[in-house]
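Notes follow once the structure below has been shown.
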Amino acid sequence: MKYGEKRLKSGKTVLANFLSDTTERLGGEYRPTQGVRMVSFECDLESSSDHQPCEVTLWDCSGNFKFESCWPALTTDSCGVVLVYNPTVPSQLREIESWFSMFVSSQGLQDTQCVLVAHRQPGDTHTHADTLSDLASPLSSLMVIQSNLEENPEAVRQHFYTYLQKVVKVVTESRERDEMSIIT
């Protein structure tokens, strides 16, 4: 994730645009996100029992600490968290632990409600095994999506949909428990 003006960007906005079909082309001039940007879209999750489209809103949050005061508002009532980092920048692996603590642990979300996206930039040679071995223990049980939109974009989309299916399942089960507690 981008943490401050001098660090490398992770690709959160590019990934959000791709997953939501907001843009037809990848790349372009880099412009850091200012605060937060919301991207909403619908997708059809094959495992959905009622075959209804899933409405998704991605909150593309700036990693710049000058916006840190906004972050608590972003965590309220979130159903899932996607943490994006550049696996070729070692400091991002360390800092992702702070993000996990702030956006996942403090909200009581289950591991299935969080996914790490190791988003590789064009030309990166970092391997999947290298990334997994570098993860700290609270992160090692999370689903990790290896993202390289130039090499295999549809695999990234399918892995993201798999993650969404898990989030929908957790949210549905929680809603059903809440409804049953009202009835009983």
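All values derive from a computational prediction rather than experimental measurement.
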Check for a donor-acceptor pair, side chain of [X] on one end and backbone N or O of [Y] on the other, with a separation under 3.5 Å.
X      : Y      : answer
Ser106 : Met102 : yes
Tyr163 : Gln113 : yes
Ser181 : Asp178 : yes
Gln92  : Asn86  : yes
Ser101 : Glu97  : no

Between atom [atom1] of [X] and atom [atom2] of [Y], what is the distance when rounded to the nearest 0.5 Å?
X      : Y      : atom1 : atom2 : result
Thr162 : Arg157 : OG1   : CZ    : 13.0 Å
Gln107 : Ser78  : CD    : OG    : 5.5 Å
His159 : Leu19  : NE2   : CG    : 12.0 Å
Lys12  : Asp60  : NZ    : CG    : 6.5 Å
Arg120 : Glu150 : CZ    : CD    : 11.0 Å
Arg175 : Met180 : CZ    : CE    : 15.5 Å

Do the side chains of [Y] and [X] get nearer than 4.5 Å, heavy atoms only?
X      : Y      : value
Val82  : Phe160 : yes
Val115 : Val144 : no
Leu83  : Val117 : no
Cys114 : Leu109 : no
Gln158 : Asn152 : no
Phe41  : Leu58  : yes
Val170 : Gln165 : no
Cys54  : Asp44  : no

Taking atom CD of Glu154 as the centre, report whether more than 12 heavy atoms of other residues, nucleotides or ligands fall under 6.0 Å from it.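 More than 12 within 6.0 Å, yes.
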Q. For Met38, does the CE atom sit with more than 12 other heavy atoms under 6.0 Å from it, leaving out its own atoms?
A. no
Considering all heavy atoms, the nearest [X]-[Y] contact:
X      : Y      : result
Val84  : Ile96  : O-CD1, 4.1 Å
Phe18  : Pro153 : CZ-O, 3.3 Å
Val39  : Ser20  : CG1-OG, 3.0 Å
Cys79  : Val167 : O-CG1, 3.5 Å
Phe100 : Leu142 : CE1-CD1, 3.6 Å
Thr75  : Phe103 : CG2-CD2, 3.2 Å

Practice item. Evaluate the criterion side-chain contact (heavy atoms from CB on, under 4.5 Å) for residue pair Cys43 and Leu164; output intermediate values, then yes/no. Key: CA-CA 10 Å; Cys43 62; Leu164 282 180; 3.7 Å; yes
TODO: Could you please spell out the steps behind the side-chain contact (heavy atoms from CB on, under 4.5 Å) verdict for Val156 and Glu151?
DONE: CA-CA 10 Å; Val156 174; Glu151 288 182 14; over 6 Å; no
field: Salt-bridge contact Lys166-Asp111 (side-chain N to carboxylate O under 4.0 Å)
entry: no
**OP:** Determine, step by step, whether Met143 and Ile145 satisfy the side-chain contact (heavy atoms from CB on, under 4.5 Å) criterion, reporting the C-alpha distance in whole Å, the side-chain angles of both residues, the deciding distance to 0.1 Å, and the verdict.
**Re:** CA-CA 7 Å; Met143 177 181 180; Ile145 297 174; 4.1 Å; yes
For this session: Start with the C-alpha distance between Leu116 and Tyr85, add both sets of side-chain angles, then the distance that settles side-chain contact (heavy atoms from CB on, under 4.5 Å), and finish with yes or no.
Result: CA-CA 8 Å; Leu116 298 177; Tyr85 68 101; 4.1 Å; yes
